[in-house]
Protein chains: 2
Amino acid sequence: MPGAQKGDFAAKLRVAQLRPTKQRVALARLLFAGADRHVTAERLHAEAANSGVRLSLATVYNSLHQFTAAGLLRQVIVDGEKTHFDTNTGEHHHFYFEGGDLLTDIPGGDVRIEGLPRAPAGTEIERVDVVVRLKSRG
Amino acid sequence: MPGAQKGDFAAKLRVAQLRPTKQRVALARLLFAGADRHVTAERLHAEAANSGVRLSLATVYNSLHQFTAAGLLRQVIVDGEKTHFDTNTGEHHHFYFEGGDLLTDIPGGDVRIEGLPRAPAGTEIERVDVVVRLKSRG
DNA sequence: CAATAGATTAGAATTATTCTAAATAACTCA
DNA sequence: TGAGTTATTTAGAATAATTCTAATCTATTG
Ligand SMILES: [Mn+2]
Ligand SMILES: [Mn+2]
Ligand SMILES: [Zn+2]
Ligand SMILES: [Zn+2]
């Protein structure tokens, strides 16, 4: 069983048809070793740097997009500034706290959306995103 | 009744404590003369140019933000690239068609969202946004 | 009108992200 | 395992949306 001891990140990447390079394995570890998380490219890059991995920001962007294309991540658009990537690819929604740029999950099973009209002719629904925008209680 | 004949756009601006300059009145007309609409800064700028108004893109951005602060517009974040501004400030949701960058309204009264957990401690819900992402039927 | 506060704007700056093209590393299989 | 092929990484340039600066206008007010 070649390469099974560093976690199965290399395996996970191979399944996704991505060569398990040092950079991708390091990013996969940061993303998938623990609980589900939400990251921006810039923050993941900083985290990688902190954990001793030297890789370019371009590689972080490349990898995040490749992981997304492979279904390992999804993008969450809540913020006009930066794109957030989410390791939770199941159906769920988000709390978003603007001051603090903080995203947290709302389990999908709990939320029901009723009364949506059907998709316009020639289109179909790809996904329904709910974002609950929070402000601090003043 | 000074300045009532060009539509009440100047009046609308005065109520919002904004000087009814030529530029702002022109933008207000484009935005508020007809049915509700969704625009980006770039598109509104192009439209203004087409309709013979010469104004800078910076002024379009300034005005859109001032109108938003005044409650005449709201922002809709559906797209990592550009910010959309919405003349419909009532409670409602959106269909978003990515290929085509097209936003359309889903009346708010029709949609019910149930099962949302309550806001985390120290925060309160500012707004709940639902975006139904569409793709063309293949 | 004159004075003043506020608005507009050209162009530079900023930020997030993507692109380019050259160097490097992973994979294949003989 | 090594040569050859292909995929990946990366520095730095490029792009795109948006904001900022500071100089010039303009609406308002008395
Ligand atoms: Mn858009
Ligand atoms: Mn951007
Ligand atoms: Zn999530
Ligand atoms: Zn709308």
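These values consider heavy atoms only, across backbone and side chains, with no hydrogens, waters or symmetry-generated copies. Note that the structure is a prediction, hence the values are computed from the model and not measured. Just so we're on the same page: letters track the sequence lines, and every chain starts at 1.
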Rounded to the nearest Å, what distance is computed from the CG atom of residue Leu13(B) to the C1' atom of nucleotide dA7(C)?
-> 13 Å

Can you see which heavy atom on Arg74(B) is nearest to which on Asn88(B), and at what distance?
-> CD-O, 3.5 Å

Do you know the tightest heavy-atom contact between Val111(B) and Ile113(A)?
-> CG1-CG2, 3.9 Å

Can Glu47(B) and Arg37(B) be counted as an ion pair, charged N to O under 4.0 angstrom?
-> yes

Verify whether the ring centers belonging to His45(A) and Tyr61(A) lie closer than 6.0 Å.
-> no

Leu64(B) CG - dA7(C) P separation (whole Å) | 15 Å

Base, sugar-phosphate, or nothing for Thr40(A), non-hydrogen atoms under 4.0 angstrom?
-> nothing

Could you state the CZ-P distance from Arg43(A) to dT15(C), rounded to the nearest angstrom?
-> 16 Å

Spacing of Lys82(A) atom NZ relative to dT14(C) atom P, expressed in whole Å = 16 Å

Nearest-angstrom distance from the residue atom CD of Glu42(B) to P of dA16(D) = 10 Å

His94(B) vs His38(B) aromatic rings, parallel, tilted or perpendicular, using cut-offs 30° and 60°?
-> perpendicular

Nucleic acid footprint by protein, nucleotides 8-14 of chain D - heavy-atom cut-off 4.0 Å, B for base, S for sugar-phosphate alone | SSBS---

When the distance from OH of Tyr61(A) to P of dT15(D) is rounded to whole Å, what number comes out?
-> 18 Å

Aromatic ring pairing Phe32(A)/Phe67(A), orientation class (parallel under 30°, perpendicular over 60°, tilted between) | tilted

Within the structure shown, what part of the strands sits under 4.0 Å from His65(A) by heavy-atom distance: base, sugar-phosphate, or nothing?
-> sugar-phosphate

Please give, in whole Å, the distance from dA16(C) C1' to Gln75(A) CD?
-> 13 Å

